[in-house]
Amino acid sequence: QAQLVESGGGLVQAGGSLRVSCTASGRTFSTYGMGWFRQTPGKEREFVAAISWTGGTTYYADSVKGRFTISRDNAENTVYLEMNSLTPEDTAVYYCAADRTITTNWRNIGYWGQGTQVTVSS
């Protein structure tokens, strides 16, 4: 059974940094695109970042471009999201995603992690 497990969320002050990780098990996602979405209460899940299966192509939401970096280690079946210059507006549950191709529409994603809370205090 394929499973994505996030880790690394927590509480950080505005301007700080945090790295969240997502490790896949049950199958290999090395030929899948991987990505991160986030969601706050009452709002739809929104796209944050995506990376191709080779790691050669990355794509970011405008709101995080220049501050967040997505990367992956296929040998470890893990994808990372490095978040810098965090603001309270980045507070959300962050979800790992995997599919043949990651689109910005969460409805098209086949595999999800359980989510990890990131809270940025002002």
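The chain is numbered in sequence order, starting from 1.
By the 4.5 Å heavy-atom criterion applied to side chains, Val118 and Asp90 are not counted as neighbours. By the 4.5 Å heavy-atom criterion applied to side chains, Trp53 and Thr101 are not counted as neighbours. Ser63 has its side chain within reach of Arg38: a pair of non-hydrogen atoms, C-beta onward, lies under 4.5 Å apart. Residues Tyr60 and Val48 fail the side-chain proximity criterion, which asks for heavy atoms closer than 4.5 Å. No side-chain heavy atom of Glu44 sits less than 4.5 Å from a side-chain heavy atom of Gln39. Val64 places none of its side-chain heavy atoms less than 4.5 Å from the side chain of Met83. With contacts defined as side-chain heavy-atom distances shorter than 4.5 Å, the pair Ile102/Tyr32 does not qualify. Contact annotation: the side chain of Val79 approaches that of Trp36 to within less than 4.5 Å [non-hydrogen atoms, C-beta and beyond].
In terms of heavy-atom proximity, Ile109 sits nearest to Ala97 at CG2-CB, 3.6 Å. Heavy-atom minimum distance, Ala49 versus Leu81: CB-CD1, 4.2 Å. Counting all heavy atoms, side chain and backbone alike, Cys22 lies closest to Leu4 at SG-CB, 3.9 Å. The minimum heavy-atom distance linking Thr40 with Ala92 is given by the pair CG2-CB, 3.7 Å.
One distance of note links CZ of Arg72 with OG of Ser21; it measures 13.5 Å at 0.5 Å rounding. The line from CD of Gln13 to OG of Ser121 is 5.0 Å long, rounded to the nearest 0.5 Å. Atom OG1 of residue Thr103 and atom CG of residue Asn108 lie 4.0 Å apart, to the nearest 0.5 angstrom. Residue Asn77 holds its CG atom at 6.5 Å from OG of Ser30, rounded to the nearest 0.5 Å. Here Met34 contributes atom CE and Cys96 contributes atom SG; the two are 4.0 Å apart, rounded to the nearest 0.5 Å. Interatomic distance, OG1 of Thr57 versus CD1 of Ile70, reported as 11.5 Å (0.5 Å rounding).
Both Trp106 and Val93 are assigned to one and the same hydrophobic cluster, defined by single-linkage of ILVMFWY side chains at heavy-atom distances under 4.5 Å. A single hydrophobic cluster is not seen to contain both Phe37 and Phe29; linkage of ILVMFWY side chains at heavy-atom distances under 4.5 Å, directly or through other members, places them apart.
Here the two rings, on Phe47 and Tyr59, have centers that are under 6.0 Å apart.
Relative orientation of the Tyr94 and Phe68 rings is tilted, given thresholds of 30° and 60° on the angle between their planes.
There is a side-chain donor-acceptor pair under 3.5 Å between Thr119 and Gln117. Thr78 and Thr23 form a side-chain donor-acceptor contact under 3.5 Å, judged by distance and modelled atom types alone.
In this structure, Arg45 forms a cation-pi arrangement with Tyr95, its terminal cationic atom sitting closer than 6.0 Å to the ring centre and no more than 45° off the ring axis.
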Go through Val120 and Glu89 one step at a time and tell me if the side-chain contact (heavy atoms from CB on, under 4.5 Å) criterion holds. CA-CA 8 Å; Val120 184; Glu89 288 68 39; over 6 Å; no
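Side chain of Gln3 to main chain of Ser25: no donor-acceptor pair is present (N/O by atom type, distance under 3.5 Å, no hydrogens or angles). With hydrogens and angles disregarded, no donor-acceptor distance shorter than 3.5 Å links the side chain of Ser17 to the backbone of Asn84.
Taking the charged nitrogens against the carboxylate oxygens, Glu82 and Arg67 have no contact shorter than 4.0 Å, which rules out a salt bridge.
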